Enquirer: 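Following this message is one structure expressed as structure tokens.
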Amino acid sequence: MVTLGAIELVGGTMTTNNSGASKSKDEIIREMIRHEDNLISARMGWMNALQGFLFTAFGMTVVEVIKNPDSKEKYCVLTSLYSVVGIIVAILTLYGISLATRAIENLLDCWNKISENRLGEHNCIFEPDVIGLRSDANLLPWKLLPWLFIFVWAILITYSCA
């Protein structure tokens, strides 16, 4: 038996939470996948909001440099700082998203094992997936956007002080 908060995974196909309601392992795995997906969504939201603030600060600093070209060296430190923070935020977001993605992959592996065991019981060729369409595409926003921010900040840090 494995306890996950109020959820207990027991050897059988049915489990019970503290309220006494029964849940199948499929439902528990769906809830856990939904939780990891929500973590990805929250991490992307925080990253995008912070990147927006950093780009705004960067833009305001560049406007000041345009107004006062003599102070370019002074503002170079600020623009470099914004760029470094933007890159670090994107890297940390990528790390958090990779952890959540691995957790989802582990949950799907667990579900696949459970599903394979049921094939013999139900003589079923097709077992419905525990989540919707799966994709390994690298163009998904949570995989692409942090890299895009890293690239843009790297360009900005290179040319802002040149």
Side-chain angles (χ1 to χ4, degrees), residues 2-9 15 17 23-116 127-162:
V2 177
T3 303
L4 304 167
I7 300 170
E8 292 182 359
L9 295 177
T15 59
N17 62 16
K23 290 187 176 188
S24 70
K25 288 181 182 179
D26 291 346
E27 291 171 320
I28 294 169
I29 291 172
R30 277 188 190 98
E31 287 178 12
M32 293 171 77
I33 289 172
R34 189 175 298 123
H35 172 73
E36 294 298 334
D37 186 59
N38 287 338
L39 287 176
I40 290 172
S41 180
R43 289 171 181 150
M44 287 298 296
W46 280 105
M47 182 194 68
N48 290 336
L50 187 52
Q51 294 288 351
F53 288 126
L54 289 169
F55 278 120
T56 300
F58 185 89
M60 291 172 64
T61 304
V62 168
V63 167
E64 287 299 317
V65 170
I66 292 171
K67 288 180 184 176
N68 301 320
D70 297 335
S71 61
K72 182 176 182 178
E73 289 179 18
K74 180 174 101 175
Y75 288 112
C76 177
V77 174
L78 283 177
T79 56
S80 297
L81 181 66
Y82 300 143
S83 300
V84 169
V85 171
I87 289 170
I88 290 171
V89 166
I91 289 170
L92 292 175
T93 302
L94 275 172
Y95 179 70
I97 289 171
S98 71
L99 291 176
T101 302
R102 271 194 299 180
I104 290 173
E105 289 168 358
N106 291 340
L107 288 166
L108 290 173
D109 288 342
C110 178
W111 180 82
N112 286 333
K113 289 176 186 171
I114 292 169
S115 181
E116 288 171 8
E127 181 76 23
D129 209 347
V130 77
I131 63 172
L133 179 64
R134 293 188 227 173
S135 175
D136 293 328
N138 288 321
L139 295 178
L140 296 171
W142 52 91
K143 291 182 178 180
L144 181 65
L145 279 178
W147 288 110
L148 180 64
F149 283 127
I150 290 169
F151 176 74
V152 169
W153 283 117
I155 298 275
L156 290 176
I157 198 171
T158 303
Y159 289 104
S160 66
C161 295

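Source: prediction; values computed, not measured.
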Enquirer: Return the CZ to CG distance between F58 and L78, rounded to the nearest 0.5 Å.
Expert: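 The CG atom of L78 is 10.5 Å from CZ of F58, to the nearest 0.5 Å.
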Enquirer: Working to the nearest 0.5 angstrom, can you tell me the gap between E64 CD and K74 NZ?
Expert: 8.5 Å
Enquirer: Looking at every heavy atom in both V85 and L54, which two are closest together, and how far apart are they?
Expert: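 Reported closest heavy-atom pair: CG1-CD1, 3.8 Å.
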Enquirer: Starting at CG of N38, measure out to CD1 of I33 and round the result to the nearest 0.5 Å.
Expert: 12.0 Å
Enquirer: When rounded to the nearest 0.5 angstrom, what distance separates CD1 in I104 from CG in D109?
Expert: 12.0 Å
Enquirer: Strictly by side-chain hydrogen bond (donor to acceptor under 3.5 Å, both in side chains), give each pair with a member in residues 39-54 just once, sequence neighbours left out.
Expert: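 Listed once each, the pairs are Q51-W153.
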Enquirer: State which residues pass side chain to side chain donor-acceptor pair (under 3.5 Å) with S160; sequence neighbours excluded, sorted by chain then number.
Expert: T79
Enquirer: Considering non-hydrogen atoms only, spot the tightest contact between C110 and I29 and give its length.
Expert: SG-CD1, 4.0 Å
Enquirer: Can you measure from CZ (R30) to OG (S24) and round to the nearest 0.5 angstrom?
Expert: 6.5 Å
Enquirer: Is there a side-chain contact between F53 and T56, using heavy atoms and a 4.5 Å cut-off?
Expert: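 No, their side chains stay 4.5 Å or more apart.
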Enquirer: Minimum heavy-atom separation for P146 to A90, with atom names?
Expert: O-CB, 3.5 Å
Enquirer: Which atom names give the shortest non-hydrogen contact between I157 and A154, and what distance separates them?
Expert: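 Answer, listing the atom of I157 first, then A154: CG2-O, 3.1 Å.
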Enquirer: If you look at every heavy atom in L94 and K143, which pair is closest and at what distance?
Expert: CD2-O, 4.3 Å
Enquirer: Tell me, do L148 and L145 make a side-chain contact under 4.5 Å, heavy atoms counted?
Expert: yes
Enquirer: Once you round to the nearest 0.5 Å, how far does CD of E36 lie from CG of L39?
Expert: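 So the gap between those two atoms works out to 5.0 Å.
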Enquirer: State, yes or no, whether a side-chain contact exists between F149 and T93 at a heavy-atom distance under 4.5 Å.
Expert: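 With C-beta onward as the side chain, the pair stays apart.
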